[in-house]
Amino acid sequence: NRSSSSDTAAGGSGGGEESVGVTLITKDSTNPFFVAMQNGAKEDAGKNNVKLTVASGKQEGDDQGQITAIEDSIARGDKGILITPMSTGVNAAIKKARDAGLYVIALDTPPDPADTVDITFATDNRLAGKLDGEWAAATLDGKPAVIALLDLFDDKIVSVDYNRDQGFLEGMGIDVGDPKKNGDEAKTGKYTGGKGGDYTIVCNEASNGAEDGGRSAMERCLAKNKDINLVYTINEPAAVGANAALKAAGNSDAIIVSVDGGCAGVDSVKKGVIGATSQQYPLKMATLGMEAIAKIARGGEAPKPTDGLDFFNTGVKLVTDEPVDGVESIDSTEGADICWGK
Amino acid sequence: MSAERLPLTHDAIPESRRHIYESDPILSARDLVITFGRVVGLDGVNLDLYKGEVLAVIGDNGAGKSTLIKCITGAYVPDSGTLELEGKRVTFRRPQDAREAGIETVYQQLAVIPALDIASNLYLAREERRPGILGSVFRMLDKKGMKERAGTSVQNLGIQTIQNMGQAVETLSGGQRQAVAVARAAAFGSKVVVLDEPTAALGVKESGMVLDMIKQLRDTGLAVILISHNMPHVWEVADRIHIQRLGGCAGVITPQSHEMGDGVAIMTGAKTLEPTA
Amino acid sequence: MSAERLPLTHDAIPESRRHIYESDPILSARDLVITFGRVVGLDGVNLDLYKGEVLAVIGDNGAGKSTLIKCITGAYVPDSGTLELEGKRVTFRRPQDAREAGIETVYQQLAVIPALDIASNLYLAREERRPGILGSVFRMLDKKGMKERAGTSVQNLGIQTIQNMGQAVETLSGGQRQAVAVARAAAFGSKVVVLDEPTAALGVKESGMVLDMIKQLRDTGLAVILISHNMPHVWEVADRIHIQRLGGCAGVITPQSHEMGDGVAIMTGAKTLEPTA
Amino acid sequence: MTTTTGSAAAEFSRRQQSPLQRLQHVLHGRPWLSPLFLLVVAFVAFFIATPTFLTASSMGILLQQTAVVAALAVGQTLIILTAGIDLSVGAVMVLSMMVMASLAADGGMPGLIALLIGVALATGAGALNGFLVTRINLPPFIVTLGTLSIFTAIALLYSGGSSIQADRMPRLLNFLGEGFGIGAFRLTWGIVVVALIYIVMGFVISQTAWGRYVYAVGDDRESARLSGVPSKRILLGVYTVAGLIYGLAAWLLIGRAGAATPNAVPDANLQSITAVVIGGTSLFGGRGTLIGTLIGALIVQTFAFGLSQLGVDQQWRYLAIGVLVIVAVAIDQWIRKVKA
Amino acid sequence: MTTTTGSAAAEFSRRQQSPLQRLQHVLHGRPWLSPLFLLVVAFVAFFIATPTFLTASSMGILLQQTAVVAALAVGQTLIILTAGIDLSVGAVMVLSMMVMASLAADGGMPGLIALLIGVALATGAGALNGFLVTRINLPPFIVTLGTLSIFTAIALLYSGGSSIQADRMPRLLNFLGEGFGIGAFRLTWGIVVVALIYIVMGFVISQTAWGRYVYAVGDDRESARLSGVPSKRILLGVYTVAGLIYGLAAWLLIGRAGAATPNAVPDANLQSITAVVIGGTSLFGGRGTLIGTLIGALIVQTFAFGLSQLGVDQQWRYLAIGVLVIVAVAIDQWIRKVKA
Ligand SMILES: Nc1ncnc2c1ncn2[C@@H]1O[C@H](COP(=O)(O)OP(=O)(O)OP(=O)(O)O)[C@@H](O)[C@H]1O
Ligand SMILES: Nc1ncnc2c1ncn2[C@@H]1O[C@H](COP(=O)(O)OP(=O)(O)OP(=O)(O)O)[C@@H](O)[C@H]1O
Ligand SMILES: [Mg+2]
Ligand SMILES: [Mg+2]
């Protein structure tokens, strides 16, 4: 439901006001998460009389693309920027934008340090992973865990990648080594989440966050150990691919957990393909961000971070149809209503 | 329809060969002009070619001989000028067009494909297919047959040093390569065969065999254009000699009307040819 | 240190030129062998070259003439065999080595760079720099000077049809291109000049000028190797004639000892040369 | 054994050949033997190093993983043989895939019609590349660099960036992902299609005049033209056929991924080119074979798969593949150069 | 005006030239004029379309945005002139950047030494490419495809994937990001460095023997070799110099981004190649100019910037850039072909 955004928008925006230039800069334009963000923002732009320009890096890792987009926005005379910062490599450019008088809001990924931007509307990727881990540990109910980790990339290291992966392991109650490095934890040992039990990590494989990559990654894991019963995936397309590989290998027992909670992903939960997914709300981030900038540009007040956090939390919810004790969750019907934050 | 004939120096042609010039020319070029940037390639050249004759084209280096035959055979499209084949206006936009019209050419740069073997080069764009369904439906090449026939063609030109017919043309010696190109033209020409310095890289014996081949082609009624810097060769086989100079035509002579020395003098500009009526 | 001399047919060399053979050969090749896969290129060839002489190499197409001189000038590295320059063992791994040792070569395929202009090609790897600091510190080329001198060199070979010295070599006619390559060798050879069919694409006048150039080079004390299929040319300028046949040497004759016809007969295998003592 | 022509030539080649020379000759005629050798070495090495590598099920999976790139590489080989290059290969495939999936899923079209439209679109995209290369006379690198952006953008704009799950599509579109097999060795229909593509195109380029023209145009376009080869028509044909193959690869990919996504196989161009080049085809055109390409595709996939079975870390694996590419081609060069 | 040699030639070219022919001649000698024309057209069009385009500050930004790719494109031009290609350009730059940043930030080295080590490393990486190309005789595409993976992996393993902020580095490493300017038109020292690279390398390739050898080797390697050009040494030199330039680009990039990040400029190879090719350099080697490359880099950036000033969305911008690439080169072809 969109009530939250239209409530606030109702206050100030009228047809007569001058339009406010805003640029939304995502990491790339193919990840469904960012696509949802862009599409949602475009739909809502008219409501706040915002003139929205959508830009992004060419692909994950393209700092220069984001820097260029920030500079373009400054030159265009925009009032504010919504950005999912690629890395600390764009901090300097963000600073330039703020110096030029633009209001900069980080979406999804909090920059490092957090005060690089005016405010962050984000979810906590680590928490998203953690919810998956906790749910998985509880669901296993003491059985040994044979885990496949389907990460994002092997040719770059990005924060979503390790935050979700390592968060998942933490949720399982497995000691991670370097919290910013995938794959350096002990390959076997005991997990302490839920009832606790033995675990084996079979593999870390890159999936590129897409179905075909997810499938190939899962196949490699299965070739190493066909008894995998728990699969962490970086996002739902990868989970769909993993599921295809599991099915082809005749493995119907494995539980898949994922992150994003996109509309298609929630549907997968409903069909039982995915056991649980941590839902995030990119659309909410974008619309709230746009509203905030429009408001400030028209003399309104700046938004405040959520109490006790250094960012405005747009929240994470675990979506599953098999809830477990001790892990708060919503079911797939509810999840479908608010998928992507609509 | 067809263009007016160019004047012929009839009396300089031996009685026995005059009959050639009674029919209309098979190929006529009029006022061919081509420029490359600010370089003038051809400056309004006319040419008539008759069935059964050997027309030699001589001229200094850079006189425009190769450019002339390229314009006739579709390798270049002239800036202006007309071409008639058997009395009908034709425009060749590509060498393929000329080939299809029955004009086979050996270019000075040979135009062989380095990586392909001898047989493939000989039959390039003239491939023969297997008999039966393999050829007609599956369009399968008759590799073995082509290889055998290619071997014969090349040997007919006296090249006996080729050790392996499957050798890529890039590994052949200069003369062997030229023999491949000449053999190709000889095998497929149906109306006109154009040879741009076909014996430049060939040995004495091999050159002689090419000259014999030219005579044979002529005797079977084809028209041959021969470009050569070898005056004895030219005077041996040519019926008429077109002298190219500085992009234009300095005149047409015959081996009977002029000595070799005169020909060379005209082509270098030491002498000029009085226009004959 | 140096290899044993090959026998010379002394009596067949005119008195006036015998002095050439009194000093040691400037270049000696012994037992050169090279194979390409299963193709035999050279099959144990010996060669002596003396200062001030013109050694012609003749042979059928594919007899191994070009391969022979490529092995001598560093373009190929022979499988076995030795090379001596002025009595010292040398191995040329690249043409550059031979060039630095004073051997300048015109290869049959010319080895010009299509996109570069005439002057750049003439001076390639022999560039001249501006005088003064521009040349010594900034290593700036003397483009204008090279262009002028290149123009003179090419005209000395009788090529007058080149309209623009800045033309890329790829736009030149076959003969013009060859003239550029020959002019280069003539300008820079300091000990040995090797010419592989230098007149193949040249006109009558231009060929004559190249022959004159060869004589001049010989007279200034250089050694010249001339490969040609043009027997009259060979008999005109050669002191000795090396006959290449089927990858081996069929013998060395002189224009005085043998007629042209004999030479051709030996090279085609119609006649064999009795080994002279 | 040797077709020597004439006695002179026979006399010429009377020398004995050493075994090494004979090996070299064999390799010269069959340049794909040396990548094959590398592939075999890799198989043996991985077989010794890890028990999970050379199993029936692993082999089936290896083939399935290779299928899409192997299919794309056929089109890429054709184009590279003509001295071109195709950077748009992945973009064409994705565009075609999104269109066929969305026509069937959202447009409610029957599977066959959606499939045909999708493949026709890919063919048209290839033909567009070919048109720009032959008529406007642009370098293939430029053309496909441009169409890479164009087709990618269109696919994204058309699909709105979102993917279409297999269960929303008719079975036909998914069919190539379905399998059959003997025991644990499972193949998919997709692999059969790829095999057919290789057989048909392998026949065409090695046994027909068209194939010979492809080599001729790639080796020396001007000489081919002067020889009367209709070089523009051949080039146009090559790009069009390549497009058709990319369309089939799109079908394959739906079956393989179980969905149509706009960001599938993001590095399809580099992957397919790598397969072609490791397979011994020259980027300068005119020299290469399809069987080499197949082996090239298999080599890369085998290494990636084998290293992952060994449990090598991802970044190290990435490094190892880089080394592999260089070593593979270096060995190839070395073997071919062996001289007695 | 014309250096006609001899009377015969003079007689030959007595024809009058039409103005179009003269234009064609001018363009023939200066092939970068036609991309320049396109650049000017783009400027005029964007100037009319949006007020924010042709302002002093926008122009400064445009130059800054172009700088890194323009620098990389110099190395790429050299390599493409030799008929090679460099896919590892971005990887070399990133590796060098991470090393110089981390030596200074984590290793506590003085800025100058860290910088020199970083640049030396890039030079060495270039030399390694050159070594593989000349000594092992591998195709440049393969070599740099391999080292692309290798250098990228090393940079990731070395840096652990984390970036280093500018404030942790000595000022020297950031210096090229600092600016100066007249009013709103701000330039950075980085732009000055890029300009110097262009001037120096432009001089070297057009005025020295080395430059001429680069063209000769690229146009016809075998003929160059036979002419006595030390082709291997030249090639090795080209790759090494290119590496050096990538090292300078790494320095530039730190200043520009205000940080050293291991994933920076992921499509540096395509971007730099695009600039080179739009600038009129032939991928087959031997033909092209540096000034063309600079214009090529500017054209792409101008379009991207101009379209973004117009508020065109990303996907549409990709599409437009794709069309641009094709149209730019098509216009170039067309202008050069103009005949009376
Ligand atoms: N593509 C081109 N661009 C510029 N100039 C050219 C081009 N082709 C030919 N020319 C020029 O046209 C003139 C005629 O060249 P052509 O090749 O016809 O000479 P030719 O008579 O065949 O000489 P040769 O006997 O040396 O082969 C030459 O001066 C040459 O430089
Ligand atoms: N790289 C190579 N690979 C295979 N065979 C070769 C190679 N180079 C030369 N040959 C073969 O070696 C033989 C000798 O060739 P070479 O070029 O020396 O002949 P040539 O005497 O110069 O003939 P021509 O008078 O025709 O120039 C030929 O049969 C040729 O096919
Ligand atoms: Mg000619
Ligand atoms: Mg020869």
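Order of the sequence lines sets the chain letters (A, B, ...), proteins ahead of strands, with each chain counted from 1.
The number of heavy atoms from other shown groups lying within 6.0 Å of NZ (A:K180) does not exceed 12. Atom NZ of A:K247 has 12 or fewer neighbouring heavy atoms from other residues, nucleotides or ligands inside a 6.0 Å radius. Atom CZ of D:F47 sits in a sparse spot, with 12 or fewer heavy atoms from other residues, nucleotides or ligands closer than 6.0 Å. The local environment of CG in A:D175 is sparse, with at most 12 non-hydrogen atoms from other residues, nucleotides or ligands closer than 6.0 Å.
Interface check for chain A: of the options D:G258, D:A304, D:A264, D:P262, the most heavy-atom pairs under 4.5 Å are formed by D:A264. Per-residue heavy-atom pair counts under 4.5 Å with chain A were compared for D:V68, D:D167, D:T152, and the maximum is reached by D:D167. In terms of non-hydrogen atom pairs under 4.5 Å with chain A, the most contact-rich of D:G160, D:S57, D:S162, D:G60 is D:G160. Counting heavy-atom pairs closer than 4.5 Å to chain D, the top residue among A:A206, A:G183, A:P32 is A:A206.
Contacts between D:Q315 and chain A at a heavy-atom distance below 4.5 Å involve backbone atoms as well as side-chain atoms. For D:S163, the part lying under 4.5 angstrom from a heavy atom of chain A is the side chain only. In this structure, chain D has heavy atoms under 4.5 Å from both the backbone and the side chain of A:N204. Heavy-atom distances place the side chain of D:Y318, and not its backbone, under 4.5 Å from chain A. Using a 4.5 Å cut-off between heavy atoms, D:R256 contacts chain A through both its backbone and its side chain. Proximity to chain A is limited to the side chain of D:Q64, based on heavy atoms less than 4.5 angstrom apart. Contacts between D:L62 and chain A at a heavy-atom distance below 4.5 Å are absent for every atom of the residue.
D:N174 pairs by the side chain to side chain donor-acceptor pair (under 3.5 Å) definition with nothing, not counting sequence neighbours. Residues meeting the side chain to side chain donor-acceptor pair (under 3.5 Å) test with A:N243, sequence neighbours left out: none.
How far CD of A:E211 is from CD1 of D:I254: 11.0 Å, rounded to the nearest 0.5 Å.
Of the possible donor and acceptor atoms, one in the side chain of A:D212 sits under 3.5 Å from a partner among the backbone N and O of D:V265.
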(Q) Before you tell me yes or no, could you show the steps for D:R317 and A:E205 under side chain to side chain contact (heavy atoms under 4.5 Å, CB included), namely the whole-Å CA-CA distance, both residues' side-chain angles and the distance that decides it to 0.1 Å? (A) CA-CA 11 Å; D:R317 231 184 288 161; A:E205 289 283 340; 2.9 Å; yes

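Within residues 213-229 of chain A, the residues approaching chain D closer than 4.5 Å by heavy atoms are, in numerical order, A:R215, A:S216, A:E219, A:R220, A:A223, A:K224. For residues 146-157 of chain A, a heavy-atom distance under 4.5 Å to chain D picks out A:D151, A:F153, A:D154, A:D155, A:K156, A:I157, given by residue number.
Residue D:N263 comes nearest to A:N208 through the heavy atom pair ND2-O, 4.4 Å, listed as atom of the first residue, atom of the second, then distance. When every heavy atom of A:A248 is checked against every heavy atom of D:R186, the shortest pair comes out as O-CD, 4.3 Å.
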